[in-house]
Trainee: 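Got a structure for you, questions after.
Numbers restart at 1 for each chain; the letters A, B, ... are given by sequence-line order, proteins then strands. As the structure is a prediction and not an experimental result, all values here were calculated from the model.
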Amino acid sequence: MKEKYFPQEIEQKWQRRWADEKTFEVKEDPGRPEFYCLEMLAYTSGRAHIGHVSNYSIGDALAWYKRMRGFNVLHPFGWDAFGQPAETAAIKDGTDPEAFTRSAIATMKSQLQRMGISYDWSREIATCDPEYYKWNQWFFIRMFERGMLYRKLSPVNWCPKEDISLSNEQASGGVCWRCGTPVIQKELMQWFARITDYADQLLEGLDQLEGKWPDRVIAMQRNWIGKSRGAHVRFEIADTIDSVTVFTTRIDTIFGTNAIILAPEHPLLAKIVEGKVQHDEVLAFADELKREKRGGVQTEEQEKKGMFTGGYAINPFNRERLPIWIANFVLMEYGTGAIMAVPSGDERDFEFSRKYAIPFRQIKLTADGREIPPDEMQEADESWTITVNSGQWSGLASEEANRLMTEYAEANGFGQGAITYKLRDWGISRQRYWGTPVPMIHCPTDGIVPVPDDQLPVVLPKGVNLAVSGGSPLDHVPEYVNTTCPKCGGPALRDTDTMDTFVDSNWYYHRYCDPHNDAQPFDAAKVAYWLPVDQYIGGIEHAVMHLIYTRYWNRVMRDFGLVQFDEPVTRLLTQGMIVKESYRCPEHEWLFPEEVTADKTCKFCGRPVQIGRLEKMSKSKKNAVDPIEMINIHGADALRLFVLFAGPPEKDKEWSDSGFDGAARYLQRVWRIAYKWQSRIVGASSDGGEPLSDLKDYQRQLRRRVHQIVRAITENFEERLHLNTCISSLMELTNEIYAFDQAVEKSGEVTAADVAVAREAFEALIRMLAPFAPHISEELRESFGHQESLAFARWPEFDAELAREEQIEVAVQVNGKLRSRLFTSAEASDDELRQAALADEKVTAATAGKDVVKVIVIPRKLVNVVVK
RNA sequence: GCGAAAGUGGCGGAACCGGUAGACGCGCGGGUCUUAGAAGCCCGUACCGAAAGGUGUGGGGGUUCGAGUCCCCCCUUUCGCACCA
């Protein structure tokens with residue numbers, strides 16, 4: 001063992017050895033319990049960043065722990081390799097996306113390997129491999145055959161900057177999720193997956209994830225699915241045979257309806273205005289609203305705008321004539337695209353009616369039983385109180401009125417209970433090159449025909465000119481487009497769309513279980529062994545899209561008989577970001593920290609800099625920390641230790657250079673004390689059997705702390721995964737060893753018992769350090785005379801008896817205020833504690849002249865003397 | 001507006017079931033070693049106070065022998081959704 005710790009040297013040594021000995025490669029073994037530890041696959045951006053370090057350090061700590069606990073741990077890695085950025089980069093560099101992506105993978109892989117994460121690299125996949133995306137195509141065809149996919153002309157969100165279609169989710173907020181450019185709409189034929197058929201299942205499944213997934217992820221998914229119970233109500237259109245149906249969750253307020261309002265896109269609009277004086281004006285207005293919606297950045301609530309169409313509808317409950325309007329705030333995508341406006345019961349309707357002076361009536365009592373006249377209302381009352389002015393339903397509580405009025409509508413044939421979701425079908429096609437080709441053929445005779453299975457994969461052609469505007473680059477590749485129909489053999493055209501990359505990430509972790517299977521997506525038995533994923537770790541940004549789509553896809557696979565379970569991920573941890581301050585000069589924009597003086601002014605111009613709140617790291621803000629540079633400074637172990645120690649895994653953590661130094665310093669400290677004891681322990685190991693009884697105080701103290709800390713760290717891994725406090729505990733143990741070492745120094749000799757106690761402590765320390773800093777742990781373990789990798793070592797066990805304190809400190813309170821402390825034997829009885837507390841002079845001083853009302857004794861913790 | 005989370009020393013954070021607030025680390029101060037420095041090792045470090053003692057977990061109430069922890073009201077911050085009828 002070397003006297004000094006050289007992280008670069010030992011990290012390289014162990015990374016090579018793990019690879020050579022295939023230490024982390026695993027096979028199914030029905031005799032052993034399995035644990036599937038999964039980190040989200042990496043997008044092939046080209047560089048590893050600190051977020052990767054954080055994500056994989058968390059996962060690796062758990063993988064190491066579970067492995068040492070005897071689990072057969074599957075811990076794989078792969079690449080999310082398709083997608084727009086590679087295509088954009090390729091266009092810019094004049095290369096092709098495949099070359100760009102392959103080189104990004106090579107770079108990132110070599111970077112990530114320097115972190116020494118315990119991956120089974122034999123299972124590595126990249127989603128751009130034809131061997132992988134072949135099965136995307138296979139799934140696509142199976143889903144098409146079962147009617148789970150369909151095509152429709154639909155306005156797609158289009159990012160004008162990246163020239164790509166976006167899903168609703170990717171365009172949420174009206175801007176491109178990647179580049180922030182305002183989104184425009186374009187009408188295109190699109191492929192959709194009927195995820196809405198699974199809305200209820202996806203919602204119900206969330207119940208079983210409660211407590212195992214973060215609350216906010218569950219809340220976001222519930223909100224995204226957006227289930228509402230209500231009713232469809234059909235309103236006849238006056239003087240016609242037509243009717244318009246609205247969706248409402250508050251049929252109990254229907255007597256307060258003062259208008260029917262349609263979305264500008266509503267299909268009945270043309271008919272309603274036909275022959276009316278308003279015809280031209282209304283249609284022009286509708287067009288304007290549609291245009292605004294298209295171009296508008298919808299981040300802020302817009303002012304409500306509407307126009308009367310000239311038509312009237314009949315309220316089926318009271319035959320009242322209601323004007324039909326159109327307005328910008330009614331969405332065609334939700335419900336039926338038409339609403340009944342109830343100003344007294346809905347804030348939006350109230351605002352709208354006030355703006356256009358549409359009269360209305362009150363239909364609710366306030367909570368204290370008053371009826372506020374419409375003219376005096378300041379706002380709508382959306383509460384569920386008592387119904388008034390509502391015919392035979394007046395005087396009922398809202399809930400009951402709602403139920404009875406729905407029944408009435410059903411009985412009279414003008415309405416029925418209905419459930420509506422916010423969730424939309426998932427548009428899965430993209431008009432881009434770098435993705436899985438849609439395996440479909442358009443035949444003039446036979447229509448849409450899937451590519452036969454034996455012709456899969458449909459391979460993405462190489463050497464395609466990407467810099468075409470409009471449509472897909474594949475449209476411009478005749479040898480790809482022109483094919484023959486598998487049914488009739490006649491000339492036909494290939495579908496030139498590619499799939500949304502979320503398809504790729506839906507089932508990659510199933511594929512890890514059987515990554516080289518060329519006969520099927522995976523062997524069901526292998527997946528049955530490993531899945532569900534026991535612990536999934538990734539960024540919160542995937543809370544909705546990825547994690548809903550993959551839950552959906554798993555259910556589709558279940559319905560194909562490929563898997564037997566509903567929820568593919570048992571536990572989810574969303575890790576926080578690593579953040580750092582950023583500095584901005586009014587003159588010189590973003591500054592590197594070294595360009596800022598000590599008194600926070602700009603080095604170039606002397607102006608005071610604005611200090612950005614702790615922000616996500618980015619190159620442009622000059623606050624990024626490059627993991628490879630950090631590894632070059634102190635090594636991967638120190639980097640991993642730092643990111644885990646900075647805070648609990650799910651919280652954002654602040655980067656600190658001195659904290660990083662501290663992590664490295666801690667490892668050096670471990671090394672130094674291990675070096676000092678190593679030869680004593682290794683030398684003594686041959687005779688073995690040193691006495692562990694009749695120990696001196698300082699020896700018992702170390703043993704006790706070892707067992708206490710093993711217990712604390714073990715429980716933490718099992719229950720909370722607060723890895724930062726595990727590391728604190730390891731530091732405490734190390735401090736304890738130093739204190740022990742000092743005591744040994746003081747005693748003037750090193751006894752066999754000292755060596756035995758030290759051996760136990762080092763064995764525990766080294767094994768428990770492995771999940772956080774595996775390289776140094778392996779090296780130390782080897783130095784302490786073990787041949788086998790720590791990966792095959794067992795996690796230390798604790799002995800509750802040994803962990804027990806002999807002497808304890810008991811707090812003594814008077815009326816809940818701390819007054820004194822007692823040092824007593826851990827076995828002291830309640831009564832002994834009570835007596836000792838009452839005899840304490842600080843207590844007698846504080847209670848002098850008062851009556852002791854009662855004495856509360858919490859065994860081994862505290863005595864509270866209550867006086868009056 | 002709706003939903004979720006969070007507010008604790010100079011800083012990152014501990015305190016898991018209501019029971020000694022501030023573990024561990026950073027920073028800072030002191031000591032030791034050294035020709036000197038660095039590193040290491042040791043000690044100290046919530047605030048006020050010379051001390052006795054007092055005050056302290058965003059603010060205000062409450063429950064309790066006892067509240068960072070539970071309940072009510074309010075403030076602030078972050079994140080997500082946002083005209084979803």
Trainee: What's the spacing between A/Arg551 CZ and A/Leu203 CG if we round to 0.5 Å?
Mentor: 8.5 Å
Trainee: Within the structure shown, what part of the strands sits under 4.0 Å from A/Pro648 by heavy-atom distance: base, sugar-phosphate, or nothing?
Mentor: sugar-phosphate
Trainee: Under 4.0 angstrom, heavy atoms only, what part of the nucleic acid is A/Tyr738 near: base, sugar-phosphate, or nothing?
Mentor: sugar-phosphate
Trainee: Could you work out the separation of B/G25 and B/C43 based on their P atoms and round it to a whole Å?
Mentor: 11 Å
Trainee: When you check the glycosidic angle of B/C17, does it come out syn, meaning within 90° of 0, or anti?
Mentor: syn
Trainee: When you compare B/G29 with B/U78, how far apart are their C1' atoms, in angstrom units rounded to a whole number?
Mentor: 36 Å
Trainee: Taking all heavy atoms of A/Arg354 and all of A/Phe360, pick out the closest pair and write down the distance.
Mentor: NH2-CZ, 4.0 Å
Trainee: Give a yes or no on whether the backbone of A/Lys868 and the side-chain of A/Asp851 come within a donor-acceptor separation of less than 3.5 Å.
Mentor: no
Trainee: At what distance, to the nearest 0.5 angstrom, does CD of A/Glu351 lie from OG of A/Ser353?
Mentor: 10.0 Å
Trainee: Look at A/Lys817 and B/U55 and indicate whether a side-chain polar atom (N or O) is within less than 4.0 Å of OP1 or OP2.
Mentor: yes
Trainee: Are A/Trp677 and A/Phe740 close enough, and set up right, to give a ring pair (Phe, Tyr, Trp, His ring centres under 6.0 Å), and what steps lead you there?
Mentor: CA-CA 12 Å; A/Trp677 281 85; A/Phe740 167 86; 5.5 Å; yes
Trainee: Please walk me through it: do A/Phe317 and A/Phe414 pass ring pair (Phe, Tyr, Trp, His ring centres under 6.0 Å)?
Mentor: CA-CA 9 Å; A/Phe317 276 81; A/Phe414 57 75; 5.4 Å; yes
Trainee: Ignoring backbone atoms, test whether A/Arg720 places a side-chain nitrogen or oxygen under 4.0 Å from the OP1 or OP2 oxygen of B/A15.
Mentor: yes
Trainee: For A/Val330, answer base if it contacts any base atom (sugar-phosphate contacts may also be present), sugar-phosphate if it contacts only those atoms, and nothing otherwise; contact means non-hydrogen atoms under 4.0 Å.
Mentor: base
Trainee: Given B/C42, B/C83, B/A4, identify the nucleotide with an atom nearest to the side chain of A/Gln742.
Mentor: B/C42
Trainee: Could you give the CD1-to-P distance, from A/Ile218 to B/G80, as a whole number of Å?
Mentor: 19 Å
Trainee: Find the distance between CG (A/Leu667) and CG (A/Leu730) and round it off to the nearest 0.5 Å.
Mentor: 10.5 Å
Trainee: Using the C1' atom in both, what is the distance from B/U57 to B/A23, to the nearest Å?
Mentor: 15 Å
Trainee: Atom CD1 of A/Ile856 and atom P of B/U64: how far apart are they, to the nearest Å?
Mentor: 12 Å
Trainee: Give a yes or no on whether A/Glu265 atom CD has more than 12 heavy-atom contacts from other residues, nucleotides or ligands under 6.0 Å away.
Mentor: yes
Trainee: Could you tell me the separation between the NZ atom of A/Lys304 and the P atom of B/A85, rounded to a whole number of Å?
Mentor: 14 Å
Trainee: Where along nucleotides 23-31 of chain B does protein come under 4.0 Å, by heavy atom, of base (B) or sugar-phosphate alone (S), with - for untouched nucleotides?
Mentor: BBSSS----
Trainee: Closest to the A/Arg672 side chain: B/C83, B/G40, B/A14?
Mentor: B/G40
Trainee: For atom P, what is the distance between B/G10 and B/G59, given to the nearest Å?
Mentor: 14 Å
Trainee: Just how far, in rounded Å, is C1' of B/C81 from CD1 of A/Ile548?
Mentor: 13 Å
Trainee: When the P atoms of B/A85 and B/A6 are compared, how many Å lie between them, rounded to an integer?
Mentor: 28 Å
Trainee: Dot-bracket for RNA chain B, 5' to 3', counting Watson-Crick or G-U wobble pairs under 3.5 Å, with [ ] for crossing pairs and | for inter-strand pairs?
Mentor: (((((((..(((......[....)))((((((.......))))))(((....)))..(((((..]....))))))))))))....
Trainee: Can you find a pair of side-chain heavy atoms, one from A/Ser344 and one from A/Thr253, that are under 4.5 Å apart?
Mentor: no
Trainee: B/G54 and B/G19: how far apart are their P atoms, nearest whole angstrom?
Mentor: 23 Å
Trainee: Would one find more than 12 heavy atoms of other residues, nucleotides or ligands at under 6.0 Å from atom NZ of A/Lys850?
Mentor: no
Trainee: When rounded to the nearest Å, what value does the distance between P atoms of B/G30 and B/G80 take?
Mentor: 46 Å
Trainee: What I'd like to find out is whether the side chain of A/Met768 reaches to under 4.5 Å of the side chain of A/Ile727, using heavy atoms alone.
Mentor: no
Trainee: Is there, by distance only and without an angle test, a donor paired with an acceptor across the side chain of A/Lys854 and the base of B/C65 below 3.5 Å?
Mentor: no
Trainee: Under 4.0 Å between any heavy atoms, over every strand shown, what does A/Lys651 touch: base, sugar-phosphate, or nothing? Just pick one.
Mentor: sugar-phosphate
Trainee: Within 90° of 0 counts as syn, otherwise anti: where does B/G80 fall?
Mentor: anti
Trainee: Quickly work out the A/Lys861 NZ to B/A21 C1' distance and round it to whole Å.
Mentor: 13 Å
Trainee: So A/Gln668, base contact, sugar-phosphate only, or nothing? Heavy-atom distance under 4.0 Å.
Mentor: nothing
Trainee: Want to settle it: does A/Met332 or A/Lys842 sit nearer the 5' end of RNA chain B, counting the closest nucleotide to each?
Mentor: A/Lys842
Trainee: Is it true that a side-chain atom of A/Asn716 and a backbone atom of A/His722 form a donor plus acceptor pair closer than 3.5 Å?
Mentor: yes
Trainee: From NZ of A/Lys422 over to P of B/G80, roughly how many Å is that when rounded to an integer?
Mentor: 16 Å
Trainee: Looking only at side-chain atoms of A/Arg216, point me to the closest of B/C79, B/C65, B/A85.
Mentor: B/C79
Trainee: Rounded to whole angstrom, note down the P distance from B/C42 over to B/G49.
Mentor: 32 Å
Trainee: Which part of the nucleic acid, if any, lies within contact of A/Arg819, taking any heavy atom under 4.0 Å across all strands shown: a base, the sugar-phosphate backbone alone, or nothing?
Mentor: sugar-phosphate
Trainee: Round to the nearest Å and state the distance from A/Arg250 atom CZ to B/A85 atom C1'.
Mentor: 11 Å
Trainee: Mind calculating the distance between CZ (A/Arg222) and C1' (B/G3) to the nearest angstrom?
Mentor: 12 Å
Trainee: Under 4.0 angstrom, heavy atoms only, what part of the nucleic acid is A/Asn223 near: base, sugar-phosphate, or nothing?
Mentor: sugar-phosphate
Trainee: With RNA chain B as reference, determine whether A/Asn864 or A/Tyr334 sits nearer its 5' end, using the nearest nucleotide of each.
Mentor: A/Asn864
